[in-house]
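Report on the following structure.
Note that the coordinates shown come from a computational prediction; the quantities given were computed from them, not determined experimentally. For the numbers below, each heavy atom of this structure counts, side chains included, while hydrogens, waters and symmetry mates do not.
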Amino acid sequence: MSHKRSSINRPPTPDVDKDRDNQEPTLQEIINIKLIESGEKERLKELLRERLIECGWRDEMKALCRAYTRKKGRSNVTVDDLVHVITPKGRASVPDSVKAELLQRIRSFLGSATT
């Protein structure tokens, strides 16, 4: 069974849903557009980078990548392999405090964007 791996730099392209062609954008899509247009999405990404470095998450992910590469042999590992193996661990290990701070920033943004 083969599965499609997504690119490192962007999420996989969703399957075209023919029923959605004439529908209005979803709330999630509208929020994403507002975040991008305002520049807030880039600010949130930078905040996330800073917090993940501060709490040691980034170093932990580097160590996991190095360990996996050592185990499999450097020439036998691709970046896609690393992404596939490390991503679930990385997502699961983001500290709750970091998630909460980002969520609060998004809520504040939405509150100020609607007033």
Side-chain angles (χ1 to χ4, degrees):
M1 178 173 112
S2 86
H3 58 83
K4 224 173 22 173
R5 289 192 181 155
S6 58
S7 166
I8 297 164
N9 296 320
R10 63 180 176 78
T13 305
D15 294 333
V16 177
D17 184 353
K18 291 181 174 53
D19 295 335
R20 275 201 37 97
D21 285 346
N22 295 324
Q23 287 185 358
E24 294 292 316
T26 65
L27 181 59
Q28 184 176 353
E29 291 167 339
I30 292 168
I31 292 169
N32 193 43
I33 290 165
K34 296 277 187 210
L35 287 168
I36 292 168
E37 287 176 347
S38 68
E40 185 65 13
K41 188 168 186 172
E42 282 304 313
R43 289 187 289 276
L44 288 168
K45 284 165 55 174
E46 186 55 38
L47 174 66
L48 178 60
R49 275 186 214 98
E50 290 171 14
R51 295 298 184 261
L52 292 176
I53 291 168
E54 287 170 6
C55 73
W57 180 91
R58 184 176 172 198
D59 291 334
E60 187 182 328
M61 293 304 105
K62 278 183 180 178
L64 285 172
C65 288
R66 286 189 177 113
Y68 181 80
T69 303
R70 263 189 242 103
K71 179 181 168 188
K72 294 291 184 182
R74 191 173 188 180
S75 59
N76 300 324
V77 177
T78 66
V79 173
D80 282 342
D81 292 337
L82 284 174
V83 170
H84 183 71
V85 169
I86 302 301
T87 296
K89 295 175 185 175
R91 286 187 178 152
S93 65
V94 172
D96 288 342
S97 61
V98 173
K99 292 177 191 176
E101 183 179 4
L102 279 171
L103 187 56
Q104 185 54 47
R105 285 280 299 265
I106 292 168
R107 284 184 175 138
S108 295
F109 170 79
L110 292 175
S112 65
T114 58
T115 56

Restricting to side-chain contact (heavy atoms from CB on, under 4.5 Å), what partner residues turn up for [X], sequence neighbours left out?
X	answer
V77	Y68, T69, K72, D81, L82
E46	R49, E50
E42	K45
L35	I31, E40, K41, L44, F109

Does some side-chain heavy atom of D96 sit less than 4.5 Å from a side-chain heavy atom of K99?
yes
Non-hydrogen side-chain atoms of R107 and L103 separated by less than 4.5 Å:
yes
Which atom pairs, donor and acceptor, lie under 3.5 Å between side-chain atoms of residues 57-67 and protein residues at least two apart or in another chain?
unit_1 : atom_1 : unit_2 : atom_2 : d
W57    : NE1    : G90    : O      : 3.1
W57    : NE1    : S93    : OG     : 3.1

Between [X] and [Y], what is the shortest heavy-atom contact and its length?
X	Y	answer
L52	P95	CD2-CD, 4.4 Å
H84	P88	O-CD, 3.4 Å
L47	R105	CD2-NH1, 3.5 Å

Determine, using the 4.5 Å side-chain heavy-atom cutoff (strictly less than), whether L110 and L48 are members of one ILVMFWY cluster.
yes
